[in-house]
Each structure stands twice: as C-alpha cells, then as structure tokens.
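Worksheet for the structure shown next.
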Amino acid sequence: MAVRRKSNWYIYFIAFGITLAMIIMAIVSFRDFLFPKSAQTGLTTDGQLTSDFVPDSSMNMAVMTMISDGENDMPELFIIAAFDAVENRLTFIPVSDGIAIGATGRTLPNIYAAQGGKGVAEAVGEQCGIKMDGYIRFTRSSFISLVTTFGNVEYEVPKTLMITDGNEVTAINSGDQIFTADTLYSYIMFADFGESEDYRWNMIGSILIELVNQNLTYIDSSLLDVYAGEIIDGAETDITQDDFLSRKAAMLNTVQYGINPAEYYVPYGEYGDDGSFTISENSVVTIRQKSGQED
C-alpha cells in the first residue's frame with residue numbers, strides 16, 4: 001500500500017513571506033539611493049520637485065521691495081512682493097511713500113535714510129497689517145540686471161506718454177510694445193502718466209505681472225538659482241540663501257502648477273494735505289489675505 005506524503009505547503013508559504021519581507025526591506029533601504037532627496041525641503045538632489053511635496057503657509061514670504069536710481073540715492077518706488085505658497089500666488093502691492101507718516105511723522109525715504117531697508121519694511125508692515133520677512137533695494141543697475149536675466153515683456157501701453165530720464169526725454173507710443181529691461185525701468189520710474197497716483201500704481205502693477213506671467217514657463221530649478229543670486233548678491237537685501245532655499249520648492253511648485261500666478265493690488269485709503277496716506281481697514285484685510293496672513 002502506497003504511503004501518502006504529508007504536504008509541506010506551509011513551509012513554502014513561510015519561505016515566500018520571508019523572501020517578500022526581505023525584498024520590501026531592501027527597497028526601503030535603497031529608497032533614498034533610487035529616489036534621492038536633497039536637504040532642501042521638497043526637492044530631489046537634481047533640483048526637481050518630489051512627488052509628495054505639498055506647500056504650506058510657513059513657505060509664504062512678504063518682501064519690501066524698493067528701487068533707487070543710483071547707489072547713493074534714496075528709494076523712489078516702494079512695492080510689497082507677497083508670495084502665498086499655498087495659493088500659488090505672487091502679489092505686487094505698490095505703496096505710497098507717505099504711508100508711514102501717520103505712525104512716525106516721516107515718509108518712507110526719510111525712514112530709509114535713518115533706519116535703512118529694515119526700518120522701511122517694518123514701517124510698511126505695521127501700516128499694512130502684515131509681517132515682512134525682509135527687504136530688497138534695487139538700484140538701476142541691479143534691477144536692469146535681474147530683468148535682463150528674466151526676459152523681455154510684451155505690454156499694451158494704454159496711451160502715448162513721455163519719459164524724462166535725466167536730460168533725456170523719450171516717448172512711448174500707445175499699443176503693443178516690447179519692453180526691454182532698460183525700457184521697463186524707465187517706464188516704472190520716470191513715466192509721466194498724467195493721472196492720479198492710483199493710476200500710476202495700476203500701470204506699474206500691470207506691467208510687473210505681465211513680466212512674471214509671460215516668462216514663468218521658462219523657469220526651472222537652475223534658473224531660479226540664478227534669479228536668487230541676482231538678488232542676494234547683486235542688490236542690497238537682508239534676504240539670505242537659507243530664506244530662498246526654504247521656499248525654493250514652493251516657488252517651483254508655483255511655476256509648475258500656477259496659472260498666471262502674478263497679480264497686483266493697489267491699496268486704497270485717504271490722502272492728507274501733508275502728503276500722508278492712511279490705508280483703509282478693509283484694504284488692510286485684503287492685503288493680509290493676498291499675503292496669506294489672514295487670521
């Protein structure tokens with residue numbers, strides 16, 4: 001009579017389980033080698049976004065941007081650049097140089113002369129109800145250098161206007177125009193718009209958002225490094241390389257997923273006879289929202 005052999009299926013099952021566990025452990029162990037990540041949050045070692053990156057509000061950034069014509073000149077143009085990483089939004093908020101008079105008795109150029117860019121950032125932040133993360137002061141040369149790296153912009157000029165730059169007077173005709181970095185600088189700094197200050201702010205804001213939105217699709221990780229270098233090394237600023245790197249992934253995320261993310265907002269309020277500007281409480285609320293700092 002034949003003897004029926006006892007099945008050892010459970011031995012094979014155990015062996016299979018052990019083998020599978022070893023394979024999983026090997027994949028986990030070599031995951032960082034196969035899919036490397038850099039020390040920068042959300043980025044691989046070659047500067048690409050990781051698949052699991054999700055920006056949060058800690059990556060938001062509000063910077064007081066100022067432009068002076070020359071190295072020894074006081075700033076003449078003041079614009080908040082507010083980056084909301086969660087909403088993939090960059091908002092330009094031009095402000096009057098008299099916005100700080102109500103609190104300090106001085107205009108923003110006065111504050112810059114006494115306290116530097118940090119003092120201007122704090123004064124504007126106080127008046128606009130937001131925390132400023134730093135400041136950047138461009139001169140003509142550093143601003144043109146940055147915009148030259150960034151690219152030209154096609155812009156529809158609403159009406160023919162005159163630009164007086166020192167002893168040189170030029171006209172820009174209405175209609176579609178290609179703005180180089182030099183032309184853009186002269187336009188936002190010296191153009192005679194012949195309207196109210198709010199109108200001037202709207203014109204400046206509209207061309208800045210076109211500059212960003214039209215050139216956004218060409219930005220990659222290495223080019224973003226170049227822009228950061230133009231600012232950190234080429235302009236007067238308290239923004240550091242660490243500030244940039246901690247937000248670089250969020251910026252690339254905006255490049256990849258943002259649709260025309262740049263916009264502008266002109267604060268409204270009341271102008272005093274002394275040139276002061278008192279911002280409306282409702283406008284403060286809007287600025288906080290645009291900056292990602294709403295309560």
Side-chain angles (χ1 to χ4, degrees), residues 38-43 47 55-68 71 73-95 108-109 111-112 115-128 130-150 181 185 188 208-209 211-212 215-216 219-255 258 261-262 264 287-288 290-293:
S38 72
Q40 303 170 28
T41 302
L43 297 177
D56 59 57
S57 60
S58 69
M59 300 173 184
N60 293 352
M61 194 173 195
V63 178
M64 187 68 243
T65 306
M66 300 163 278
I67 305 179
S68 303
E71 187 65 39
D73 296 325
M74 289 298 102
E76 300 176 45
L77 187 62
F78 301 87
I79 301 173
I80 301 170
F83 175 56
D84 187 332
V86 177
E87 298 296 330
N88 287 323
R89 179 174 63 210
L90 172 64
T91 307
F92 294 108
I93 307 170
V95 295
L108 297 182
I111 295 174
Y112 180 85
Q115 299 176 258
K118 185 175 182 179
V120 173
E122 291 175 351
V124 172
E126 179 182 350
Q127 296 299 302
C128 293
I130 60 174
K131 175 186 176 296
M132 304 296 292
D133 295 291
Y135 77 93
I136 304 168
R137 182 183 75 106
F138 291 104
T139 61
R140 180 193 291 251
S141 60
S142 59
F143 180 84
I144 289 176
S145 179
L146 174 64
V147 176
T148 298
T149 304
F150 205 70
Y185 176 84
I188 65 175
L208 289 178
I209 67 169
L211 172 68
V212 173
N215 291 283
L216 192 70
I219 298 175
D220 59 14
S221 180
S222 59
L223 194 52
L224 200 57
D225 290 337
V226 173
Y227 297 153
E230 287 282 343
I231 294 172
I232 296 171
D233 300 325
E236 175 194 324
T237 182
D238 59 353
I239 302 299
T240 67
Q241 185 73 3
D242 287 342
D243 293 328
F244 164 64
L245 294 178
S246 65
R247 296 167 173 86
K248 182 179 177 180
M251 295 175 182
L252 287 175
N253 189 75
T254 295
V255 170
Y264 72 95
I287 291 173
R288 288 184 57 80
K290 296 289 186 183
S291 304
Q293 297 187 27

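In this text the structure is predicted, and so the values were computed from the model without any measurement.
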Checking [X] side chain against [Y] main chain: does a donor-acceptor pair fall under 3.5 Å?
X: D243; Y: I239; answer: no
X: R89; Y: A82; answer: no
X: S291; Y: I287; answer: yes
X: R247; Y: N60; answer: yes
X: D133; Y: V63; answer: no
X: R288; Y: Q293; answer: yes

Do [X] and [Y] have side chains that approach each other closer than 4.5 Å (heavy atoms only, starting at C-beta)?
X: L146; Y: F143; answer: no
X: P75; Y: V120; answer: no
X: P261; Y: L216; answer: yes
X: Y227; Y: T149; answer: yes
X: D220; Y: L224; answer: no

Just verifying a value: how many Å separate [X] [atom1] and [Y] [atom2], rounded to the nearest 0.5 Å?
X: I130; Y: M64; atom1: CD1; atom2: CE; result: 9.0 Å
X: M66; Y: E236; atom1: CE; atom2: CD; result: 6.5 Å
X: D84; Y: T254; atom1: CG; atom2: OG1; result: 8.5 Å
X: I219; Y: F150; atom1: CD1; atom2: CZ; result: 4.0 Å
X: M61; Y: F83; atom1: CE; atom2: CZ; result: 10.0 Å
X: K290; Y: E87; atom1: NZ; atom2: CD; result: 10.0 Å

Side chains of [Y] and [X]: any donor to acceptor distance under 3.5 Å?
X: T237; Y: R137; value: no
X: T240; Y: D242; value: no
X: S142; Y: S145; value: no

Test side-chain contact (heavy atoms from CB on, under 4.5 Å), reference I67, set T139, D73, I79, I188, output is I188
Would T65 and F78 count as a side chain to side chain contact (heavy atoms under 4.5 Å, CB included) if you check the C-alpha gap in whole Å, the side-chain angles of each, and the deciding distance to 0.1 Å? CA-CA 6 Å; T65 306; F78 301 87; over 6 Å; no
Where do M59 and S246 land on the side chain to side chain contact (heavy atoms under 4.5 Å, CB included) test, with the steps shown first? CA-CA 7 Å; M59 300 173 184; S246 65; over 6 Å; no
Of all heavy-atom pairs between [X] and [Y], which one has the smallest distance, and what is that distance?
X: I144; Y: T148; result: O-OG1, 2.6 Å
X: K131; Y: A62; result: O-CB, 3.7 Å
X: F138; Y: I231; result: CZ-CG1, 4.2 Å
X: A235; Y: I136; result: CB-CG2, 3.9 Å
X: Y135; Y: D238; result: N-OD1, 2.8 Å
X: I111; Y: A123; result: CD1-CB, 3.7 Å

With sequence neighbours left out, the residues meeting ring pair (Phe, Tyr, Trp, His ring centres under 6.0 Å) with Y264 are none
Kindly determine whether Q241 and I232 satisfy side chain to side chain contact (heavy atoms under 4.5 Å, CB included), including the steps that lead there. CA-CA 7 Å; Q241 185 73 3; I232 296 171; 3.4 Å; yes
- Message: Run L245 and L43 through side chain to side chain contact (heavy atoms under 4.5 Å, CB included) and show every step you take.
- Response: CA-CA 10 Å; L245 294 178; L43 297 177; over 6 Å; no
